[in-house]
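Notes follow once the structure below has been shown.
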Amino acid sequence: MSESPTDRPAYDPQAVEAKWRQRWEARGTNRVDLERAARPFYNLMMFPYPSAEGLHVGNVFAFVGSDIYGRYRRLAGADVFEPIGFDAFGIHSENYALKVNLHPAALIPRNIARFREQLRRVGLMVNWDHELSTTDPAYYKWTQWIFLQLFKAGLAYRKQAPVNWCPECKTVLANEQVIDGYCERHPDTAVTQRTLEQWFFAITKYAQRLLENLETLDWSDSTRTAQRNWIGRSEGAELVFTTPVGGSIRVFTTRPDTVFGATWVVLAPEHPLVDQLTAAECRADVNAYRRRVQQMDIVSRKVGTKEKTGVFIGAYARNPATGESVPIWIADYVLMEYGTGAIMAVPGHDERDYEFAQAFRLPIVQVVQPTDGPASPAPLPYTGWDGRLINSARFDGMPCREAVGAVTRWLEGKELARGEVQYRLHDWCISRQRYWGPPIPIIYCDACGAVPVPDRDLPVVLPATDDYRPDESGISPLARLEDWYRVPCPQCGGPARRETDVSDTFLDSAWYFLRYPSTAVGDRAFDPELTRTWLPVNSYIGGNEHAVLHLMYARFITLALHDLGHLPFEEPFTRFRAHGTIVKDGAKMSKSRGNVVVPDEHIARWGADTFRMYLMFLGPYQEGGDFRDEGISGIRRFLERVWGLVQDADGNSGDEAASRKLHQTIRKVGGDLEELRYNTAIAAMMECVNLLRKEGQEGQGVPRALIEPLVVLLAPFAPHFAEECWERLGHAGSVFDAPWPAFDAALARDVEIELVVQVNGKVRGRVPVPAGIAEADAVAQATADPAVRKFIDGKEIRKVIFVKDRLVNLVV
RNA sequence: GCCCGGGUGGCGAAAUGGCAGACGCAAGGGACUUAAAAUCCCUUGGGAGGCAACUCCCGUGCGGGUUCGACUCCCGCCCCGGGUACCA
């Protein structure tokens, strides 16, 4: 082949890609008829946040991986809906807008326009008709509607809660802006806490179902594990420690078996019983301690040294098991948000309690004797389960696990205990004291309380204002817009004021996939018919950084809407796969490191197809990889070779070896695509092409019958390129309307294989044998091989292991 | 600390418990060329031996174990990346 390369048109990626971008648009190739699709397949990728920097290589990696899967499904016969949109509200846009002094409402459309252009260049099979932006009032109208649905169902409520506060920015921070307790923008400033009245969603009511449903989902294991850990179910008991002054302290413990060793009790400093229980002579100390804790920054309370501090409050409680009086302390290591905000301290069998006992010289009683290990004294604290009770009256000698139930039942009989399950999961705080988000649709009336904005008045449009910088008050900027927030009460008509907080960005993204099919629907959040056809999502691909929050919130909203009768399914994403991260020089890409890779220049230089394939070839898709551009020329070379084969295609039928390789490749690529193993799929196609080229050199042209299926296999990876090849092979329509090639199992089977011969597990020879050879024949051939003879001559073969079509192992 | 990943040639990597290093990059050699680029062909884990076809030994972070056979499974560590933060 290629005697005179000059007489063939060169592969010009820019021309090819521009041509097909334009043609796809003109022909509506990527459009799917949502109402009449016979085999609907919803292929979802996590929508991007349209940053001012534009699309970066991590986005492209994510989208291309998802796009390849969608295109593959389409070739396999599905009607694939592949939408995209923009997650454009939120604190990052707002902070950036403040920095460059350009209103987010002006900034965002600009960024989106840039993203759209970049995304088009990547060649995604996107249905642009269904694009959405969370900042569009036509979208957030329904975000607000969802809030109201939850509010009306009692799943949204207000309570006092701490917010992160940066004393340097003088502003409220979102959790993701707090890095190890410090402000993201002021790495030397420890974040403090302020307490404000905020809106919450009662996600904890769904903890158990969110946990159980995980078992039904086809998700990456790592993601399911992350969700399970985040929900953090623990089983135990609530025990009652009564006090002589009245008021009993309820403590949660996962180790009721150790209650005989509880030598004091600790309340969270904020615990409501503290006031009532504190003895007069201790009040000053207690108040001072509580004040100190409240003013403490997050670094020292939650991140810093775990040094134990606390104060005795001058009161005692009764250990329900021993009947003894134990002192009551307050300490900041007990958190009000978890369990009952109170614990029993068992210093012999809990590390924190042990440290506390050391710090304040409190008594330590061992109540578990480890089963193995030094007899006594056992090194304390012993926190394991492999032991038997001691110093526990009638329970002495009982194994821990058994004692959990026995002790609980015994105390239940005295009404001093009950079995309890606790979750780490907290209710979802959705209030943001910021500007750039959807206003929470509530109106406060002195007479009627918190009143939902009537549906007919939605959306509550975010008012245009240049005065949106957060200030020292910690209150939302919208609270400065009196004209906006002063409204009549929708119920009684009296004077009232709007809620001035906006909602969390995670709420915007918790339902966007429900909206995509229904972007044209004006009078509902989502059309029931379209929803039934297209949802739940068939394939969702995204980053593991969203393994917990986004996916949990989306599941929760879906579950809640299901229970409220709005959705016919409980889980939004049937299949989820987490892709890996692309790093640069071993480190996460970030502006501060200055190692952000911008895709544009690579696409301009190599073409989108080469760049797409290169990103997929870098390493396993679900693991990510280190971006370096050294290898990209290899992909380009590969495409050039395919290009050459296409030009040389002719009508001859090719030999058996070539068609066997083709069918093996079809099988391999199909299987790999199914599991997102794009790197090995590409390698398989390269092998196939290498073989076809060798064959071509010996004979004349390259058989069209072998090239055409290969072009189809390549199409998901290099869509523009494949279209051009397909056309040059004489087809009028899109390659994406061609069927995925069927592989012929009989054709793919090898006729001759190389049988590996081992002696004592070491490879000593290889003999060519017909495929499917029987054991006896294989052993005969193996033992006849001179290379093998050297190792077996004069020895007795004690055992033969035969693995069909693979190896013979002779044990001597 | 805990929970997830991961550790294999010069580099990115591949391998249902069955030939370690497919595929690609880089490098070296050769062909073509006035020359270079591009293209094509060959070599390429380390070591030892041989004129040679080739042969042998070592080798998947470290130490043990299971097995006819371990990159793969089990136990105990080390290192790197990510997440999380006193969750009772």
Side-chain angles (χ1 to χ4, degrees), chain A residues 1-2 5 10 180-181 220-223 225-226 228-230 232 234 236 251-255 258 266 298 301-308 331-335 337-346 350-353 355-356 383 422-426 544-545 547-548 578 580-581 583 586-588 614 617-620 622-635 637-638 640-641 644 677 679-690 693 697 754-766 787 790 798-803 805-812:
Chain A
M1 61 177 269
S2 71
D180 289 337
S220 298
D221 282 338
S222 61
T223 311
T225 307
R228 221 174 278 126
N229 293 343
W230 192 261
S234 37
V251 305
F252 174 71
T253 176
T254 53
R255 297 298 301 264
T258 64
V266 190
I298 296 176
R301 173 140 188 204
K302 292 204 167 152
V303 185
T305 66
K306 310 275 191 224
E307 220 157 89
K308 295 290 173 288
D332 64 357
Y333 80 95
V334 175
L335 309 173
E337 309 97 78
Y338 184 76
T340 58
I343 62 155
M344 64 176 194
V346 184
D350 180 281
E351 262 162 48
R352 291 151 304 167
D353 298 343
E355 283 168 26
F356 200 80
T383 57
Q422 281 292 335
Y423 300 91
R424 268 185 59 136
L425 186 70
H426 290 11
N544 234 342
E545 67 273 21
V548 178
T581 15
V583 297
K588 216 160 127 179
Y614 178 61
F617 191 57
L618 216 52
Q622 298 186 59
E623 283 167 35
D626 202 333
F627 186 87
R628 43 193 90 222
D629 45 17
E630 282 107 47
I632 196 165
S633 56
I635 297 288
R637 267 197 277 267
F638 166 71
E640 297 275 8
R641 287 166 183 170
R677 290 187 300 249
N679 54 336
T680 50
I682 293 169
M685 290 187 285
M686 286 173 166
E687 277 187 56
C688 186
V689 166
N690 290 347
R693 290 175 67 238
Q697 271 166 343
E754 207 173 55
L755 190 73
V756 171
V757 185
Q758 296 182 338
V759 178
N760 289 344
K762 290 200 170 192
V763 179
R764 297 302 184 185
R766 304 181 174 92
K790 268 204 314 208
R798 292 186 293 130
K799 193 174 172 186
V800 173
I801 283 121
F802 174 70
V803 181
D805 286 350
R806 264 186 204 278
L807 63 67
V808 169
N809 186 11
L810 308 167
V811 184
V812 295

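What you see is a predicted model; the values in this text were computed from it and never measured. First the proteins, then the strands, lettered A, B, ... as listed; each starts at 1.
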*Which dot-bracket notation, 5' to 3', represents the base pairing of RNA chain B when pairs are defined as Watson-Crick or G-U with both distances under 3.5 Å, crossing pairs as [ ], and inter-strand pairs as |?*
(((((((..(((.....[....))).(((((.......))))).(((((....)))))..(((((..]....))))))))))))....
*Approximate separation, where rounding is to 0.5 Å, of A/Trp230 CH2 and A/Arg424 CZ*: 6.5 Å
*Could you run down nucleotides 63-74 of chain B 5' to 3' and tag each one B, S or - for protein heavy-atom contact under 4.0 Å?*
-----BS-----
*Torsion-based syn/anti label for B/G9, 90° from 0 as limit*: syn
*To the nearest Å, how far apart are A/Tyr333 OH and B/G1 C1'?*
17 Å
*Euclidean distance for P, B/C19 against B/U72 (whole angstrom)*: 13 Å
Just the table, please: protein N/O against nucleotides 3-6 of chain B N/O, every pair under 3.5 Å.
| residue | atom | partner | partner atom | Å |
| --- | --- | --- | --- | --- |
| B/C3 | O2' | A/Asn229 | ND2 | 2.7 |

*Could you check A/Arg677 against A/Arg424 and say which one's nearest nucleotide on RNA chain B is further toward the 5' end?*
A/Arg677
At a cut-off of 3.5 Å, list every protein nitrogen or oxygen paired with a nitrogen or oxygen from nucleotides 23-32 of chain B, distance to 0.1 Å.
| residue | atom | partner | partner atom | Å |
| --- | --- | --- | --- | --- |
| B/G24 | OP1 | A/Asn690 | ND2 | 3.0 |
| B/C25 | OP1 | A/Arg637 | NE | 2.9 |
| B/C25 | OP1 | A/Arg637 | NH2 | 2.7 |
| B/C25 | O2' | A/Glu630 | O | 3.2 |
| B/A26 | OP2 | A/Arg637 | NH2 | 3.4 |

_Rounded distance (nearest 0.5 Å) linking atom CD1 of A/Ile682 with atom OH of A/Tyr614_ = 11.0 Å
*Not counting sequence neighbours, which residues clear salt bridge (charged side-chain N to carboxylate O under 4.0 Å, His left out) with A/Arg766? List them please.*
none
Review item, side-chain donor-acceptor pairs of residues 805-812 of chain A, under 3.5 Å, at least two apart:
| residue | atom | partner | partner atom | Å |
| --- | --- | --- | --- | --- |
| A/Asp805 | OD1 | A/Gly772 | N | 2.7 |
| A/Asp805 | OD2 | A/Gly772 | N | 3.4 |
| A/Asn809 | OD1 | A/Asn760 | N | 3.4 |
| A/Asn809 | OD1 | A/Gly761 | N | 3.0 |

_Quick check on B/A88: is either OP1 or OP2 less than 4.0 Å from any side-chain nitrogen or oxygen of A/Ser234?_
yes
*Take atom C1' in B/G63 and the same atom in B/A70, then report the distance between them in whole Å.*
15 Å
*Value rounded to 0.5 Å, distance of CG in A/Asp350 from OG1 in A/Thr258*: 8.5 Å
